[in-house]
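What you see is a predicted model, and the numbers here were worked out from it, not measured in a lab.
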Amino acid sequence: MSDRDSERSSVRVAAVVVAHDRRQLLAEALTALSAQSRPPDALIVVDNASSDGTPDMVRERFPYVDLVALPYNTGGAGGFAAGIAEAMRREVGAVWLLDDDAVPEPQALEALLAARAGYPGPQPPTLVASRVLWTDGRAHPMNTPRRKPGASAAERAAAEAVGCVPVRSASFVSVLLDAAVIRERGLPVADYFLWNDDFEYTTRLLRGRRGLLCPASVVVHKTRTFGATDADPGERFYFEVRNKLWLFTRSSALSPAEKALYAGSTARRWARTALRSRNRATLARGLLRGTVDGLWQGPRPTQRLLADAGLEVPVGLPGAVAPPAPEDIGPATEDPIGCTQPEPFSLLMPVWAGDRPDFVRRAFRSAVHEQTRRPDEVVLVQDGPVPDELDSCLTELVAAAPMPVTRVRLADNAGLGPALEAGLAACRHDIVARMDADDISLPHRFAVQLPLIEAGADLIGSALLEFGLDERAIVGRRTPPTDPAEIVSYSRFADPFNHPTVVYRRSAVRAAGGYEHVPLMEDYLLFARMIARGARVANVGEPLVLYRVGAGAYDRRGGRDLLRSEVELQRRLLGEGFISRGQFVRNVAVRGGYRFVPVALRRRAYRRFIATRGERGPSRSAPVR
């Protein structure tokens, strides 16, 4: 054996198994992994919030296994992303991926490593996939790797030299991945949840590289039925459609020619699926929803989804969060002995005649008295005359506040934009935190957001939780994009910030032109202009504000007046070069059309697609604001 072959065969391997509610099959798979003629050097099980006692079984029967117990089901895509991230924390040269219902034969890993070691050329193959059989010995049609179209004679000869076949993709049922390529090209896209996640990831790893199918490595895939990829998927057809559209429009895994080839193949398979289906209405719904979500939105960053599950992308992988450089943080205020000093900040809260005194009182106390880091001043903007009861409430709050309060009184009700402009003019500090008069700030809100502003950000928002009359009864969650690049991309279609949660620098707001009176669109226009002018922006994925959803919330989002505001907003964004003409047409058609959806339907759509945005699970429709 050559030195190269010896080095490749002695590579450290971490095996990753993703499990969900298949305890007995997982036990069989782990037993087979432990009995390998060449056992893996590390064995990692990612449990996707199983309800059948899987974590306890692993701890009791396989104490040597590294168990990653996720707090909720992230799907196969999220599970394998988490498992690979965990594997890459170790000094490994290869990662072996398997499903929890895949039982490898004793020589499975040894055969994969032999093919890897003996492959001609200076670099090992990017991946080596096993031959997957069903329980009766037939080749499993769900897990047959796609042979590489147009493989050269030299590539075929190199594969044949180690008893293999060149492939362009593989499944996660059993595939050995080269760790060096993972470090270069990153993790699977966790937001795929299920379907096409393995196809996208393996084709991305393999683009411009070489992969093998190794018939000598055998794994038995113990699915309930023997079925192909065109079997009727029922409700899951949504994921097939959405993820395929993401693959064809947003992934670098395939070349343009390959996208055309696989798109044609996909269309034929969908047609076969529809012809064989007994419930075409379900497929039609999945096709419609998948098309809308696949075309108008992209997958959320894997780093963000792993962070939601309590995990981090290891430093050195694409998407990892490296320690910030001093020049990225910006200047900090220091005292004489070199310690960072907190900057003072203002709380800006507009009030108008329609606000209920009890709501105003609760909002004020939550943002002032209950904060672990209190504002240094409060600016209350009274937008026009208010009823006596509300006037008395405001007088009481000003008198009892533990810091200075400036009450700005506008003679007439001018609207939110002008009221905020008047308030900003009255603020004494550059850092300003927004607060609505009927929402509730969680006690640690400013303790979380202010350090990010002090570290150099110009605009920070957060997720929020929605409630009705009872703040203990949460009805929805809105989680904005947290990755700065995703914030910029998302802002071309919708507001990437929850306005009641933001903290910003007044100087950055002024540089962008401040608030303008575009009803219910003032914040979106301002934030888009801030982004266009290079403001440093971010969102916190944790909910820091409870947002009150009143009975009229759905009515305010529709009608001719709001359509006029929508068109005016889009015209301004187009005129300032923030969006393209194509984006203008899309935004007016989609966002404008939303304004004329009947209120009852708008309410149901909001509860189904928007208020649940950011909750655990696959739903990811974005709000139209």
Side-chain angles (χ1 to χ4, degrees), residues 324-333 342-350 375-377 379 381 406 408 414-435 446 449-462 480-540 565 568-580 583 625:
E327 60 270 20
D328 295 330
I329 297 177
T333 303
E343 294 185 56
F345 74 101
S346 304
L347 177 70
L348 175 56
M349 181 171 156
D376 296 272
E377 71 157 353
V379 175
V381 182
T406 300
V408 179
L416 182 60
L420 291 174
E421 278 295 297
L424 284 171
C427 290
R428 293 186 298 168
H429 305 301
D430 189 45
I431 301 178
V432 179
R434 274 278 290 112
M435 182 68 196
F446 300 139
Q449 290 180 299
L450 266 294
L452 301 175
I453 292 285
E454 291 161 344
D458 298 305
L459 170 61
I460 294 289
S462 81
T482 56
D483 179 76
E486 189 189 6
I487 290 173
V488 173
S489 174
Y490 187 77
S491 66
R492 265 64 180 186
F493 176 67
D495 189 346
F497 297 94
N498 292 318
H499 193 202
T501 73
V502 300
V503 179
Y504 43 47
R505 287 196 176 272
R506 182 175 60 175
S507 54
V509 172
R510 291 283 184 243
Y515 287 97
E516 294 192 18
H517 185 54
V518 184
L520 284 177
M521 303 289 176
E522 303 95 342
D523 54 330
Y524 187 2
L525 179 60
L526 170 62
F527 300 153
R529 285 175 167 174
M530 292 178 72
I531 290 171
R533 285 159 177 77
R536 289 166 290 187
V537 300
N539 275 310
V540 177
S565 292
E568 175 63 21
L569 169 71
Q570 299 301 328
R571 283 176 177 168
R572 295 194 189 194
L573 296 180
L574 176 64
E576 295 176 14
F578 189 74
I579 60 175
S580 66
Q583 290 169 332
R625 299 188 58 191

side-chain contact (heavy atoms from CB on, under 4.5 Å) against Ser507, all qualifying residues, sequence neighbours excluded: Asp430, Arg505

For Arg428, what residues pass the side-chain hydrogen bond (donor to acceptor under 3.5 Å, both in side chains) criterion, not counting sequence neighbours? Glu377

Partner set under salt bridge (charged side-chain N to carboxylate O under 4.0 Å, His left out) for Glu516, not counting sequence neighbours: Arg529, Arg572

Considering residues at least two apart in sequence or located in another chain, which fulfil the salt bridge (charged side-chain N to carboxylate O under 4.0 Å, His left out) criterion with Asp458? Arg536

Sorted by chain and number, sequence neighbours left out, side-chain contact (heavy atoms from CB on, under 4.5 Å) with Thr482 holds for Arg304, Asn539

Taking the side chain as every heavy atom from C-beta outward, state whether Phe497 and Asp523 have any atom pair closer than 4.5 Å. no

For a quick test of reading the model, state the closest non-hydrogen atom pair linking His517 to Gly415 and the distance between them. CE1-CA, 4.3 Å

Which pair of non-hydrogen atoms, one from Pro344 and one from Ile431, has the smallest distance, and what is that distance? O-CB, 4.0 Å

Which residues satisfy the side-chain contact (heavy atoms from CB on, under 4.5 Å) test with Pro484, sequence neighbours excluded? none

Partners meeting ring-ring contact (aromatic ring centres under 6.0 Å, His included) with Phe578 (sequence neighbours left out): none

For the pair His499 and Phe527, name the ring-plane relationship: parallel under 30°, tilted 30 to 60°, perpendicular over 60°. perpendicular

Examine distances only and state if a side-chain atom of Tyr524 and a backbone atom of Ala494 form a donor-acceptor pair shorter than 3.5 Å. yes

Rounded distance (nearest 0.5 Å) linking atom CG of Leu459 with atom CE of Met530: 4.5 Å

For Glu454 and Glu343, indicate whether the former's side chain and the latter's backbone hold a donor-acceptor pair under 3.5 Å. yes

Would you mind reporting whether Tyr515 and Leu424 have side-chain heavy atoms less than 4.5 Å apart? yes

Could you report the tightest heavy-atom contact between Gly423 and Val379, atom names first, then the distance? O-CG1, 3.8 Å

Partners of Glu421 by side-chain hydrogen bond (donor to acceptor under 3.5 Å, both in side chains), sequence neighbours excluded? Arg510

Side-chain (Asp483) to main-chain (Glu486) donor-acceptor, under 3.5 angstrom: yes

Within-4.5 Å side-chain heavy-atom neighbours: Pro480 and Pro496: no

Scanning both residues in full, the closest heavy-atom pair of Leu526 with Gly514 reads CD1-O, 3.6 Å

Going by side-chain contact (heavy atoms from CB on, under 4.5 Å), name the residues that satisfy it together with Gln449, two or more places apart in sequence or in a different chain. Arg445, Phe446, Ile460, Ser462, Val503, Leu544

Under the criterion side-chain contact (heavy atoms from CB on, under 4.5 Å), I'd like the reasoning laid out for Leu420 against Val381: C-alpha separation, chi angles, the key distance, then a yes or no. CA-CA 8 Å; Leu420 291 174; Val381 182; over 6 Å; no

Heavy-atom closest pair, residues Gly417 and Glu522: N-OE2, 3.6 Å

Closest approach of Thr406 and Ala426, non-hydrogen atoms and distance? CG2-CB, 4.5 Å

For the CG atom of Asp376 and the SG atom of Cys427, what is their distance to the nearest 0.5 Å? 11.5 Å

What pairs with Arg506 under side-chain hydrogen bond (donor to acceptor under 3.5 Å, both in side chains), at least two apart in sequence or on another chain? none

Candidate pair Asp495 and Tyr490, rule side-chain contact (heavy atoms from CB on, under 4.5 Å), full reasoning: CA-CA 7 Å; Asp495 189 346; Tyr490 187 77; over 6 Å; no

Let's go through Ile579 and Gln570 carefully: what are the C-alpha distance in whole Å and the side-chain angles of both, what is the deciding distance for side-chain contact (heavy atoms from CB on, under 4.5 Å) to 0.1 Å, and is it a yes or a no? CA-CA 8 Å; Ile579 60 175; Gln570 299 301 328; 3.3 Å; yes

